[in-house]
Protein chains: 2
Amino acid sequence: MPNDIYDMYAAIFKALAHPTRLRILEILATYGEMCVCNIADKLNIDQPAVSKHLAVLKNVGIIESRKQGLTVNYKVRMPCVVNFLKCADEVLEADLKSRYSFINGKEMLR
Amino acid sequence: MPNDIYDMYAAIFKALAHPTRLRILEILATYGEMCVCNIADKLNIDQPAVSKHLAVLKNVGIIESRKQGLTVNYKVRMPCVVNFLKCADEVLEADLKSRYSFINGKEMLR
DNA sequence: TTATTATATTCCTATATTAGCATAGAGGCA
DNA sequence: TGCCTCTATGCTAATATAGGAATATAATAA
């Protein structure tokens with residue numbers, strides 16, 4: 001094991017710290033296994049970008065890949081990360097919304 | 001609200017993506033409110049570094065501060081983030097450990 | 001006022017990350 | 001073999017982040 005457990009956790013959070021990777025994870029959590037090209041289609045992002053983001057997630061163990069003919073299918077390997085995101089949906093959303101208000105149609109941070 | 005909810009989540013994960021900030025959060029979650037100097041003492045880090053990390057966490061709403069005389073006390077404002085870390089402790093630890101083994105006393109990644 | 005303590009901020013440098021584009025590799029099929 | 005599709009990697013410029021040292025700010029007390 002790495003000498004510092006906090007480094008490991010930080011590495012996982014760093015992998016999660018990108019909007020595109022969160023979108024990818026949501027897709028994988030929703031649809032299960034999916035190949036790179038279908039993820040790229042769904043997100044309307046070019047394929048090399050998707051491959052690189054998938055590599056980041058895979059390097060820290062969040063997802064895993066399985067080759068099947070020409071395509072490579074990815075799926076979530078750490079179910080807890082999906083729980084993280086669900087927890088985020090439930091709690092953080094309300095929390096974040098409470099910090100913003102719209103005054104005269106203009107967005108304001110309280 | 002920011003136009004992209006994924007950017008908001010990514011910003012929160014980015015704030016969590018540093019071992020020192022995770023240590024700070026664990027301290028705050030354990031002891032409740034604590035001033036900058038005591039956090040710096042506990043972590044054996046110099047004060048400006050702690051202040052900067054606290055600012056990162058505060059900017060995304062994870063923690064909040066309260067001035068009390070000379071000191072500034074910080075405490076967790078997003079309990080869900082603490083749940084995140086607990087969830088991490090329970091699930092990720094087992095998950096991560098399962099990926100490592102010690103062969104002949106040497107650390108090996110499977 | 002000055003001094004002291006606690007905290008925040010600034011500056012600089014080194015390092016890391018990202019996006020975009022081009023290209024390389026790998027597998028399947030004619 | 002050659003061609004096509006899917007995926008991964010390499011390169012570069014722009015941006016972001018981290019660490020260290022110095023300094024600025026704020027509150028309190030003498």
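- If you take NZ of B/K52 and P of D/dA18, they are 10 Å apart, rounded to a whole angstrom.
- Between A/R21 and C/dT18 there is a side-chain polar atom (N or O) within less than 4.0 angstrom of OP1 or OP2.
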### Message
What does the B/S/- profile of nucleotides 23-30 of chain C look like, 5' to 3', with a 4.0 Å heavy-atom cutoff to protein?
### Response
---SBS--

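- Phosphate contact (OP1/OP2 of C/dT18, side-chain N/O of A/H53, threshold under 4.0 Å): absent.
- Using modelled atom types, one finds no donor on one side chain facing an acceptor on the other under 3.5 Å when comparing B/E26 with B/T30.
- Distances shown here put every side-chain N or O of A/Y74 at or beyond 4.0 Å from the OP1 or OP2 atom of D/dC6.
- Within the structure, every side-chain polar atom (N or O) of B/K14 is placed at least 4.0 Å from both OP1 and OP2 of D/dA16.
- By the 4.5 Å heavy-atom criterion applied to side chains, B/I45 and B/R23 are not counted as neighbours.
- Between the CG atom of B/N73 and the P atom of C/dT5 there is a distance of 19 Å, rounded to whole Å.
- The cluster map of Ile, Leu, Val, Met, Phe, Trp and Tyr, joined by side-chain heavy atoms under 4.5 Å apart, puts A/L25 and A/Y31 in the same cluster.
- Rounded to whole Å, atom P of D/dA18 lies 12 Å from atom CG of B/L22.
- In this structure, A/L54 atom CG and D/dC6 atom C1' are separated by 13 Å, rounded to whole Å.
- No side-chain heavy atom of B/I24 sits under 4.5 Å from any side-chain heavy atom of B/Y74.
- Panel note: side chain B/R21, backbone B/A15; a donor-acceptor pair is recorded below 3.5 Å.
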### Message
If you apply the rule side-chain contact (heavy atoms from CB on, under 4.5 Å), what do you find for B/L28 with B/K75, and how did you get there?
### Response
CA-CA 6 Å; B/L28 292 181; B/K75 69 175 179 180; 5.6 Å; no

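- Spacing between atom CG of A/L57 and atom P of C/dT18 amounts to 11 Å, rounded to whole angstrom units.
- Contact between the side-chain N/O atoms of B/H18 and the OP1/OP2 oxygens of D/dG19 is found at a separation under 4.0 Å.
- No continuous path of ILVMFWY side-chain contacts below 4.5 Å connects A/L16 to A/V56, so the two sit in separate hydrophobic clusters.
- Note that CG of A/L43 is 11.0 Å distant from CG of A/N38, once rounded to the nearest 0.5 Å.
- Distance check, rounded to the nearest 0.5 Å: NE2 of A/H53 to CD1 of A/I39 gives 11.5 Å.
- A/S51 comes within contact range of at least one nucleobase, with a heavy-atom separation under 4.0 Å.
- As a whole-Å value, the separation of B/N59 CG from C/dA8 C1' is 12 Å.
- DNA chain C is contacted by no residue of residues 28-46 of chain A, taking any non-hydrogen atom closer than 4.0 Å.
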